Amino acid sequence: MDLTSDHPFWLVKNGLTKVYPPLDRDIGCDVAIVGAGISGALIAHRLAKDGLQVVVLDGRDVCLGSTSASTALLQYEIDVPLVALSKKIGHQKAERAYRLSHQSIDELESAIDESESDCGFERKTSIYVADDDKQAELLKAEANARNAIGINVDLIGSDELKDQFSLDGTAAIVSRQAASCDPYRFAHGLLASAVRSGAQIFDRTEVKRFNCSNDNVQLETERGPVVTARHVVVATGYEAQTMLKAKVVKLKSTYALVSQPLESLAPWDPDWIMWEAKDPYLYLRATSENRLLVGGEDDDFRNPVKRDASLPKKVATIKSKVTKLLPSLEWEVEFAWAGTFGETDDGLAYIGPSPEYPGCHFALGFGGNGITFSSIAAGILADLLTGRRNADAELFRFGR
């Protein structure tokens, strides 16, 4: 599947940071990871550090799928708010999901430090903005629910929102547990760290067939060589739905753009990220180069051609909204791109074994916060693949 339009920003900015060879021989390992984007990279880094023999395969050059198009707003918020998630899956499970996601921001920072990844990680203040009275009431209930479980946030009204952040709105939830980074460089740093720990990485090596048995899984590649692994992790993101009979994700298209580097972003502060309490929502942050990075206008995915044809109109709409939001800021669109992502009914990822593929585990970080789910997946799978029990795996299991 074509997951991005041409010229996603991180690929344009960084180029092909590292190219790995294709697989040219049969090979065995403890764990084979299919997919070398941010999910596969986080898992490879963790498993190789834990001493497992890891092989990573990708049908493209590494990191050229959704990772190259991610806007990398690292937030703990799940697509389904805590109040609504509690009604869907029960308060205890919803609380645990939010706590795990909140904790994952710290774990991502640790992984960046461990891998020595030069990805411009920066802590941010998150501003979740409502623009009418009904949304403001929902935000009040959400803020109370989060504070009740120890996730500290501030609820501010329209006057404070204007005074503190120069934004119009009826209310906002302000949180300090957020960050941003260059996801492409982050993934490359993780893969390089995995290699230093003994992992082997092969790109341009597409897996054509999974031969599953009780003892191992054999992966037949398009080039001919076979990988025999005790365990397989499928980290192919939104493309994984084509492998599965069970319908686990609804695909969506999203649109993003960046400005030219600006001398000043005032009245915007580079330490802020903003997103709206509506669907579809606008989101905005600054990059380490003082560019505005903005996205939104999500719609249902039909096919890559129609998605990409929508890009000019979507960009015009997004720019118009930002101009209304920050009328005194002069800026131009330098790069724009479209990407494909997915939503689940409860907003949670799918992590763990699927009955459709014995011996295989999946790490599918669906949703607007896929990178935080990928961090959670690395921890859960590190336990499951080494025979340790992980109580959190139940939250993300198939068939839940």
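On a predicted model such as this, the values are computed, not experimentally measured, just so you know.
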Do [X] and [Y] have side-chain heavy atoms sitting under 4.5 Å apart?
X    : Y    : result
K88  : D345 : yes
K13  : D182 : yes
L326 : P267 : yes
F398 : L364 : yes
T71  : Y283 : yes
R185 : N14  : yes
R302 : R307 : no
L47  : T386 : no

Compare every heavy atom of G296 with every heavy atom of T254, then report the nearest pair and how far apart it is. OG1-O, 4.0 Å

Report the distance from atom [atom1] of [X] to atom [atom2] of [Y], rounding to the nearest 0.5 Å.
X    : Y    : atom1 : atom2 : result
L284 : K321 : CG    : NZ    : 12.5 Å
L42  : S375 : CG    : OG    : 6.0 Å
I149 : E95  : CD1   : CD    : 4.5 Å
C181 : L108 : SG    : CG    : 7.5 Å
D50  : D30  : CG    : CG    : 11.5 Å
N369 : L74  : CG    : CG    : 9.5 Å

Donor-acceptor pair, side chain of [X] and main chain of [Y], under 3.5 angstrom:
X    : Y    : value
T344 : L348 : yes
S259 : L292 : yes
E220 : P225 : no
W331 : Q260 : no
R388 : A382 : yes
T67  : G37  : no
T205 : D203 : yes
R46  : A111 : no
E276 : L282 : yes
E356 : A246 : yes

Residues at least two apart in sequence or cross-chain that pass ring pair (Phe, Tyr, Trp, His ring centres under 6.0 Å) with Y76, listed by chain then number, are H102

What do the steps show when you test Q177 against D106 for side-chain contact (heavy atoms from CB on, under 4.5 Å), and what is the final call? CA-CA 9 Å; Q177 183 72 337; D106 298 329; 3.4 Å; yes

Would [X] and [Y] pass as an ion pair if we require N to O under 4.0 Å?
X    : Y    : answer
R389 : D383 : no
R123 : E109 : yes
E122 : K124 : yes
D168 : K162 : yes
R397 : E394 : yes
D300 : K252 : yes
E334 : R291 : yes
R204 : D58  : no
D298 : K314 : no
R60  : E239 : yes

Any residue meeting side chain to side chain contact (heavy atoms under 4.5 Å, CB included) with N216, in chain and number order, not counting sequence neighbours: S213, Q218, T228

Are F362 and Y350 near enough that their ring centres are under 6.0 Å apart? no

Evaluate whether atom NZ of K247 has more than 12 neighbouring non-hydrogen atoms of other residues, nucleotides or ligands under 6.0 angstrom away. yes

For [X] and [Y], does a side-chain donor sit closer than 3.5 Å to a side-chain acceptor?
X    : Y    : result
S193 : H45  : yes
S126 : W275 : yes
E263 : N290 : no

Only one of F373, F396, Y238 passes ring pair (Phe, Tyr, Trp, His ring centres under 6.0 Å) with F366, and that residue is Y238

Tell me whether the NZ or CZ atom of K18 lies within the 45° cone about the ring axis of Y20 and under 6.0 Å from its centre. yes

Where does the angle between the aromatic ring planes of H231 and H361 fall among parallel (under 30°), tilted (30 to 60°) and perpendicular (over 60°)? perpendicular

CA sep, side-chain torsions, deciding dist, call: I371, L73, side-chain contact (heavy atoms from CB on, under 4.5 Å): CA-CA 9 Å; I371 295 177; L73 276 73; over 6 Å; no

Full working for side-chain contact (heavy atoms from CB on, under 4.5 Å) between Y128 and S175: CA-CA 8 Å; Y128 183 32; S175 172; over 6 Å; no

Show the numbers, then the answer: is there a side-chain contact (heavy atoms from CB on, under 4.5 Å) between I33 and L57? CA-CA 6 Å; I33 300 170; L57 307 171; over 6 Å; no

What residues form a salt bridge (charged side-chain N to carboxylate O under 4.0 Å, His left out) with R400, not counting sequence neighbours? D346

